[in-house]
Amino acid sequence: MTKRTKPTSFDIAYRAGVSQATVSRVLRGSPLVNEETRKRVEAVARELNYKVDRRASSLRTQKSGTLALLLFEDPTPDESHINPFFLSMLGSITRACARHGQDLLVSFQQLSDDWHSDYEDSMKADGLILLGYGDYELYRDKLSALVERGTHFVRWGAVDADQPGVSIGCDNVHGGQLAGQHLVACGRRTVAFLGHASSHYPEFLDRYRGCAAALEAAGLRLDPALQVDAETSEEAGYIAATQLLARGRPFDAIFGASDLIAIGAMRALHEAGIRIPHDVSVVGFDDIPMARFTTPPLTTVMQDTTKAGQLLVATLMQLVRDEHAESAMLPASLVVRKSSFTLG
């Protein structure tokens, strides 16, 4: 090989002491190569400044080497309805794609759009990662259509036995239990739940059920009169807490189905002269960065966005390779801050 000649996979194979087929597997992120061999091949590729010819590779494999991340948001008056939880997951997904040798295309979508035809069907992407969905009963039909078309996709959301396709999600029931158990340990007895608790919002419903189970185990109950519907936004949390206060029923804790809902509720409590956590403890769900900087800092249930991004990409790559892939739930953990404490 002369200085003017571009290195090839055969050059890498010769220097690394492996076959060209092994080099090819390493460069496309195949799990069939052991770690020692993968590192040796990657080191030689870096030494030779080898660049993968994406166009030639896609012609041979009929793959684009690109994954598409689609964020679905409902329209809002200010067009800013973006859950920061998903943005925190974006970095993990991007890094995971790089490790698998994949480019990442990110796009914000409306559920009404025919988005699947713009991506895998048109060879722009080999598979789809779906984040956010609004009303699940409406979204479910879209997922069923993707399954029928044979689209490779994985979504972040509730994991159910009869769902269309593959999902990666948090153990929301256990997360709700952690919140309920913590509030009981703090001496709270009348817990309000802010967030939809129906099949239209299965993640919120699971969190509600988990909290209810924790209260029941302590000889208490989650009063339906203290549940107020709310979607994931600060404004929705503020409105829900205002409605809760207007009902005139006593409560000493609020479990927000998301951090944004809980943060909005905290503002309503502050305006009403209710002290947090002295009068009312508040717990959220997600552990978005903002939760550390509220007044007081918000106790919340954390979802592991780093692991979530890694598992979403790894699972989608299995599907792209036409391998078997299964849905999975990640554990939740409680992060205690000053919006809740033990009475005494």
Under 3.5 Å side-chain donor-acceptor pair for Asp259 and Thr300: yes
Heavy-atom pair with the smallest gap, counting every atom of Leu226 and Pro250: CD1-O, 4.0 Å
Any side-chain donor near an acceptor of the partner, Arg337 and Thr299, under 3.5 Å: no
Ionic contact status for Arg267 with Glu235, cut-off 4.0 Å: yes
Nearest atoms (heavy-atom pairs only) where Ala230 meets Ile261: O-CD1, 3.7 Å
Over all atoms of both residues, closest heavy-atom pair of Ala192 and Leu244: CB-CD2, 3.5 Å
Tyr50 vs Ile12 side-chain heavy atoms within contact, under 4.5 Å: yes
Validation row: Leu222, Val191 side chains within 4.5 angstrom (heavy atoms): yes
Nearest non-hydrogen partners of Leu245 and Ala272, listed with the distance: CD1-CB, 3.9 Å
Qualifying ring-ring contact (aromatic ring centres under 6.0 Å, His included) pairs, either residue in residues 282-304, two or more places apart: none
Heavy-atom check, side chain of Leu269 versus side chain of Ile254, under 4.5 Å: yes
Smallest separation among heavy atoms of Val301 and Ala332, with atom names: CG1-CB, 3.6 Å
Ser340 side chain near His182 side chain, heavy-atom distance below 4.5 Å: yes
Within 6.0 Å of CD in Glu216, more than 12 heavy atoms from elsewhere: no
Residue list, ring-ring contact (aromatic ring centres under 6.0 Å, His included) with Phe255, at least two apart or on another chain: Phe193
Non-neighbouring partners of Val166 that pass side chain to side chain contact (heavy atoms under 4.5 Å, CB included), sequence neighbours left out: Val154, Thr315, Leu319, Ser327
Partner residues of Arg189 under the salt bridge (Lys or Arg N to Asp or Glu O under 4.0 Å) criterion, sequence neighbours left out: none
Modelled atom types, side-chain donor and acceptor of Asp322 and His152, under 3.5 Å: yes
Min side-chain heavy-atom separation Leu69-Leu105 under 4.5 Å: no
Pair Thr37, Asn34: side-chain N/O donor-acceptor within cut-off below 3.5 Å: yes
By side-chain hydrogen bond (donor to acceptor under 3.5 Å, both in side chains) - contacts of Ser198 (at least two apart): none
Short side-chain to backbone donor-acceptor contact, Ser107 and Leu70, under 3.5 Å: no
Between CZ on residue Phe251 and OG1 on residue Thr190, distance to nearest 0.5 Å: 8.0 Å
Where at least one partner belongs to residues 218-230, residue pairs that pass salt bridge (charged side-chain N to carboxylate O under 4.0 Å, His left out), sequence neighbours excluded: Arg221-Asp223, Asp223-Arg249
Residue pair Gln310 / Ser92, side-chain donor-acceptor N/O under 3.5 Å: no
Pairwise side-chain contact, Arg140 with Asp162, heavy-atom cut-off 4.5 Å (strictly under): yes
Nearest heavy atoms of Cys97 and Leu104, plus distance in Å: SG-CD1, 3.8 Å
Interatomic spacing from SG in Cys211 to CG in Asn172 - rounded to 0.5 Å: 13.0 Å
Trp156 and Leu130, any side-chain heavy atoms less than 4.5 Å apart: no
Apart from Val159 itself, residues in the same hydrophobic cluster as defined by side-chain heavy atoms under 4.5 Å: Met329
Any residue meeting ring-ring contact (aromatic ring centres under 6.0 Å, His included) with Tyr136, in chain and number order, not counting sequence neighbours: Tyr133
Pairs flagged by ring-ring contact (aromatic ring centres under 6.0 Å, His included) wherever residues 302-340 is involved - sequence neighbours left out: none
Note, Val282 side chain near Leu298 side chain (heavy atom, < 4.5 Å): yes
Pairwise distance NZ(Lys307) to CG(Asp304) - rounded to 0.5 angstrom: 8.0 Å
With Thr306 via side-chain hydrogen bond (donor to acceptor under 3.5 Å, both in side chains) - residues at least two apart: none
Any residue meeting side-chain hydrogen bond (donor to acceptor under 3.5 Å, both in side chains) with Glu35, in chain and number order, not counting sequence neighbours: Arg38
Co-members of Met302 in a cluster of I, L, V, M, F, W and Y side chains, linked at under 4.5 Å: Val335
Gln102/Thr66 under side-chain hydrogen bond (donor to acceptor under 3.5 Å, both in side chains): CA gap, chis, key distance, verdict: CA-CA 5 Å; Gln102 300 291 303; Thr66 299; over 6 Å; no
Approximate separation, where rounding is to 0.5 Å, of Glu326 CD and Ser167 OG: 12.5 Å
